[in-house]
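Input: a single structure, listed below in C-alpha cells.
Both backbone and side-chain heavy atoms feed into the values below; hydrogens, waters and symmetry mates do not.
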Amino acid sequence: MKAKKLEDILPDGLKAEIFGSLESRISGLRIDSRKVGKGFVYAALKGTLTDGHQYIDQAIGQGAICIICEEVKERRKGVTYIVTNQVRTLIGEMADLFFDQPSRQLHLTGVTGTNGKTTISTLLYQLFTAFGYKCGLISTVENKIGDVTLMATHTTPDVISLHALMAKMRDEGCEHVFMEVSSHAVDQERIAGLKFEGALFTNITHDHLDYHKTMKNYIGAKKKFFDGLSKEAFAITNTDDKNGLVMLQNTKARKVTYGLKAMADYKARILESTVQGLHLQINNRDAYFRLIGEFNAYNLTLVYGAALELGMESDDVLAILSGLRGADGRFEQVIDPDSEKCGIVDYAHTPDALENVLETISKVKGAESSVITVVGCGGDRDTTKRPLMAQVAAKMSDKVILTSDNPRSEDPEKILDDMEAGLSPESRKRVIRISDRLQALKTAVMMSDEKDIILVAGKGHEKYQEIKGEKFAFNDKEILKEYLRKG
C-alpha cells in the first residue's frame, strides 16, 4: 500500500484526544510492536495476557510515528498520540481507510454460531465458485483467494491482517467473500471497520466459557455481530434455536429466518436420511444432497437461503448444492472396502456437536453395527464441557476411548480425569482411557468388527497435535485410513 496522510485514515466523528501532527505519512499499521517499521501506526491493545502499552517505547524505537492508546505517560517529540478508550475499534476503522475500504467493494458474508460455521462458509465458497465468481474464503480450515490456499492460524485473523487480506482479495478480482466470524473476534473487535452484506447464525451451545465466563456473555458476543449490521445488509437466523431470534432483536438489517421445525422464510423437511446422504424438501422443492444428518439439513437450508438472498435462483442453487461435499474433517467418512469397517472423522468438540454427530450415526447405521467413539478435550480451554463430552460419548456409543486432543500445556491425564468425572458407574463399563491418541486410534480399529463405525471426534481437519508448546504432525483421517487398511 502507498503511504497515506494520517488525517486521511482517521474516521469521521472521531472521539479522541490528539497530540501532535496529522500531516505525517503513514506506511503501515501494527498491533504487534515487534513488527512495527518506519512510518507505522502502533495500536497499544490491552489483552488478557499482555498490555500493549508496555511496548510503546519499543514501537517508537522501531519507527512508529503514531501511537493509538488509552493513556500516555510520556510524549515523545515527533510522535503523534491518539488517546481513546476504543483502541480496538479505531484501529479497525483506520485499517479500513488505509486499505481503501476493501470490504465495501466485496460482497462480504459472515457466518457465526457454535457449530456449522466452517461447513456453511465452505459450501457457500464452493457454490459461488461453481456459479463462476472468483471467491474468497476465511475459515478455521483455510483461507482461499480463488484457487490459491493460504493456511489459517485463527478462525478470524487480527483486525489489520483481516483488512489486508480483504484488500488482497479485492485486488485479485474476488467478488464474494465468505467468512467465519467467531465470538472471540467480535468481542475483541477483530471485525471492526468491515462492512458485511450478510450475517448468518447457525446455533449456540455450550462452548468457549473459558473465555466468555457465562453463556450470557457468549450469546451477547454473537448478538453484537448482528447489532452492528447496516440497514442495507440481511441477517438470517435459525428459528429452531432458542437464541435464534435474539440475534435479530436490535439489528437494522433485513430479517430472514430458516429452520426445520418452526415457521421460517426458508423451511426444510427431511424426507430421507441415509449414510449416502439427505433427501430434503426446501420451500416445496425436492433435492438430494451428499451431506449426511439432520445438522447438515440445517446447514444446507441456511446455505440455500443465503444464496437466494445474495441474488441466486432457487433451481440453480439446488442443482449445484446437491453435488457439493462440504468441508475437510466435517463428518468425513473413511471406509475400508474389504472389511466394510467405517471411520468418521469430525471436528465435533462441544457436547452438542458430538451429540449431533452420534445421533446422525445412530439413524443411518445398520442394526448390526456398533459405534466406537474416540474423543478427547483440548487443554487450556473450557474445562466445564469435559465431563459433558464424556457423558454424551458414553450415552450414545457402544464403546468409548477417552484420549488426548490438543493437551497444550496441560497434563493429558488430568484432562481425562476431568472427562471421566462425568461418567456414572454404569457408563464407565463401556469406557477406557488411552492418553496416547495414536494408540487410541489403533485400539479402536482392533476393537471393531465388520460393519462397525468408528467416530474420531474433536480434531477434524487439523493435521497436528499440540503438546507442551510444540505442534507434532498428526492427521486423524490418514492414521485411521492406514489402520483400517491393515485390519
Side-chain angles (χ1 to χ4, degrees), residues 272-278 290-296 325-326 328-377 389-405 416 419-420 422-424 426-462 474-487:
E272 188 178 17
S273 178
T274 70
V275 73
Q276 280 77 41
L278 285 161
R290 294 183 178 186
L291 276 69
I292 299 168
E294 184 182 76
F295 63 95
N296 273 320
R325 293 189 177 276
D328 185 25
R330 268 60 177 178
F331 211 92
E332 196 166 358
Q333 296 183 65
V334 180
I335 300 174
D336 180 66
D338 297 324
S339 67
E340 294 187 52
K341 290 181 180 180
C342 173
I344 294 174
V345 175
D346 194 89
Y347 190 53
H349 60 285
T350 67
D352 182 72
L354 183 60
E355 185 172 356
N356 284 339
V357 171
L358 285 167
E359 187 175 353
T360 297
I361 292 172
S362 72
K363 289 178 179 177
V364 300
K365 75 181 183 67
E368 69 278 19
S369 301
S370 293
V371 178
I372 301 168
T373 297
V374 181
V375 64
C377 288
M389 292 284 285
Q391 282 175 20
V392 170
K395 176 184 173 185
M396 304 183 72
S397 312
D398 297 287
K399 300 170 187 173
V400 177
I401 301 176
L402 301 181
T403 190
S404 292
D405 189 289
L416 298 188
M419 295 185 74
E420 211 170 24
L423 299 174
S424 67
E426 180 61 30
S427 62
R428 286 174 191 262
K429 296 174 184 177
R430 298 191 301 279
V431 179
I432 61 174
R433 51 188 280 175
I434 303 173
S435 60
D436 184 317
R437 193 174 182 90
L438 187 69
Q439 191 61 40
L441 293 180
K442 184 177 182 180
T443 302
V445 173
M446 291 171 61
M447 289 168 60
S448 64
D449 295 321
E450 287 187 5
K451 298 185 180 179
D452 283 351
I453 296 175
I454 302 165
L455 171 63
V456 182
K459 289 174 58 58
H461 64 281
E462 293 178 352
F474 200 100
N475 187 319
D476 281 349
K477 184 174 71 172
E478 294 305 317
I479 292 168
L480 188 58
K481 190 184 294 183
E482 179 186 346
Y483 285 145
L484 285 171
R485 188 175 63 247
K486 290 178 178 177

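Residues Ile454 and Leu441 form no side-chain contact, since every pair of their non-hydrogen atoms from C-beta on lies 4.5 Å or further apart. Here the side chains of Gln439 and Ile401 are not in contact, with every heavy-atom distance at 4.5 Å or above. Between Val374 and Asp476 there is no side-chain heavy-atom pair separated by less than 4.5 Å. Using a 4.5 Å heavy-atom threshold, the side chains of Asp405 and Met389 count as separate. Contact annotation: the side chain of Ser397 approaches that of Leu358 to within less than 4.5 Å [non-hydrogen atoms, C-beta and beyond].
Salt bridge status for Lys481 with Glu478: present, with a side-chain N to carboxylate O gap under 4.0 Å.
Checking side-chain atoms of Arg428 against main-chain N and O of Glu420 turns up a donor-acceptor pair under 3.5 Å. Under a 3.5 Å cut-off, the side chain of Asp346 and the backbone N or O of Ala457 do not form any donor-acceptor pair. Side chain of Thr403 to main chain of Gly376: no donor-acceptor pair is present (N/O by atom type, distance under 3.5 Å, no hydrogens or angles). Side-chain N or O atoms of Ser369 include one that pairs as donor or acceptor with a backbone N or O of Lys451 at under 3.5 Å. The backbone N or O of Gly329 lies less than 3.5 Å from a partner atom in the side chain of Glu332, making a donor-acceptor pair. Judged by distance alone, with hydrogens and angles left aside, the side-chain atoms of Lys341 form a donor-acceptor pair with the main-chain N or O of Ser448 at under 3.5 Å. A distance-only check finds a donor-acceptor pair linking the side chain of Arg430 to the backbone of Ala394 [under 3.5 Å]. Of the possible polar contacts, none joining the Arg433 side chain to the Leu402 backbone as a donor-acceptor pair under 3.5 Å is found. One N or O on the side chain of Asp452 and one on the backbone of Asp449 form a donor-acceptor pair closer than 3.5 Å.
Checking Ser273 against Lys363 by side-chain atom types alone, no donor-acceptor pair falls below 3.5 Å.
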Steps toward side chain to side chain contact (heavy atoms under 4.5 Å, CB included) verdict (Tyr483, Leu438) = CA-CA 10 Å; Tyr483 285 145; Leu438 187 69; 3.6 Å; yes
Determine, step by step, whether Met447 and Ile432 satisfy the side chain to side chain contact (heavy atoms under 4.5 Å, CB included) criterion, reporting the C-alpha distance in whole Å, the side-chain angles of both residues, the deciding distance to 0.1 Å, and the verdict.
-> CA-CA 12 Å; Met447 289 168 60; Ile432 61 174; 4.2 Å; yes
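Across all non-hydrogen atoms, the minimal contact from Val375 to Ala393 is CG1-CB, 4.0 Å. For Phe331 against Ile361, the heavy-atom pair with the smallest separation is CZ-CG1, 3.9 Å. Taking every heavy atom of both residues into account, Ile292 and Thr360 meet most closely at CG2-CG2, 3.6 Å. The two atoms that bring Cys342 and Gln333 nearest to each other are SG-OE1, 4.0 Å, heavy atoms only. The shortest heavy-atom contact between Ser404 and Ser435 is OG-O, 2.7 Å. Residues Thr373 and Val371 share a closest heavy-atom pair of OG1-CG1, 3.9 Å.
Between the OG atom of Ser362 and the CD atom of Glu355 there is a distance of 10.0 Å, given to the nearest 0.5 Å. Taking CE from Met396 and CG from Leu354, the interatomic distance works out to 8.0 Å, rounded to the nearest 0.5 Å. Taking CD of Gln276 as the reference point, atom CZ of Arg290 lies at 12.0 Å (rounded to 0.5 Å). Interatomic distance, CD of Glu462 versus CZ of Phe474, reported as 11.5 Å (0.5 Å rounding).
Among residues at least two apart or in separate chains, ring pair (Phe, Tyr, Trp, His ring centres under 6.0 Å) pairs with a member in residues 442-461 are Tyr347-His461.
Heavy-atom neighbours of Lys365 NZ from other residues, nucleotides or ligands within 6.0 Å: above the threshold of 12.
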